Amino acid sequence: PKLAWTQPPQFLLAHKTEDSPDGTPAAISLQQAVAELPRPLDVWTIDFHAPIELDDLGCDRDRSVNQNLGHYSYKLYRCGE
């Protein structure tokens with residue numbers, strides 16, 4: 001069966017640089033992108049260890065999804081309207 005997306009998936013690749021080992025530029029890029037996207041929105045982070053604040057953007061972390069898949073860890077944030 002063919003999948004019918006209500007919104008096509010979008011991807012943001014953000015990584016830390018040698019100049020900023022704490023990942024601050026990556027976190028800022030993610031927060032700016034989330035602020036501009038329409039709601040509702042699910043945000044998945046994969047191996048994203050930089051501290052991010054999405055609460056102010058109306059996003060709540062779904063703590064039931066906090067897993068490791070092989071060497072990768074992932075989290076889910078749900079952003080309402």
Side-chain angles (χ1 to χ4, degrees):
K2 186 176 180 180
L3 292 176
W5 297 96
T6 56
Q7 291 287 328
Q10 297 181 24
F11 299 89
L12 170 70
L13 301 177
H15 61 88
K16 62 184 175 185
T17 63
E18 291 179 19
D19 298 339
S20 182
D22 66 351
T24 302
I28 291 170
S29 294
L30 175 64
Q31 289 167 209
Q32 289 174 341
V34 169
E36 296 174 9
L37 292 169
R39 303 298 197 266
L41 172 70
D42 286 345
V43 176
W44 290 86
T45 61
I46 302 170
D47 263 6
F48 199 90
H49 302 291
I52 56 175
E53 294 293 330
L54 298 179
D55 294 346
D56 292 345
L57 300 174
C59 303
D60 296 315
R61 185 166 159 210
D62 185 339
R63 297 209 181 265
S64 69
V65 178
N66 185 18
Q67 308 256 340
N68 291 320
L69 181 62
H71 297 287
Y72 300 101
S73 63
Y74 57 93
K75 297 175 184 162
L76 170 60
Y77 297 84
R78 298 193 184 270
C79 307
E81 294 186 38

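Numbers here simply count residues along the sequence, with the first being 1. Note that this is a predicted model, so its numbers are computed, not measured.
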What is the distance from atom CG of Leu54 to atom CG of Leu30, rounded to the nearest 0.5 Å?
5.5 Å
Indicate the atoms forming the closest heavy-atom contact of Ala27 with Pro51, along with that distance.
CB-O, 3.3 Å
How far apart are the closest heavy atoms of Val43 and Val34, and which atoms are they?
CG2-CG2, 3.8 Å
Spacing of CD1 belonging to Ile46 relative to OG belonging to Ser73, to within rounding of 0.5 Å:
9.0 Å
Residues passing the side chain to side chain contact (heavy atoms under 4.5 Å, CB included) test with Pro9, sequence neighbours excluded, are Trp5, Phe11
In Å, rounded to the nearest 0.5 Å, how long is the span from OH of Tyr77 to CD1 of Ile52?
3.5 Å
Consider side-chain contact (heavy atoms from CB on, under 4.5 Å). Of Arg39, Arg78, Glu53, which one does Cys59 pass it with?
Arg39
Correct closest heavy-atom pair for Leu12 and Ser29 would be CD2-O, 4.0 Å
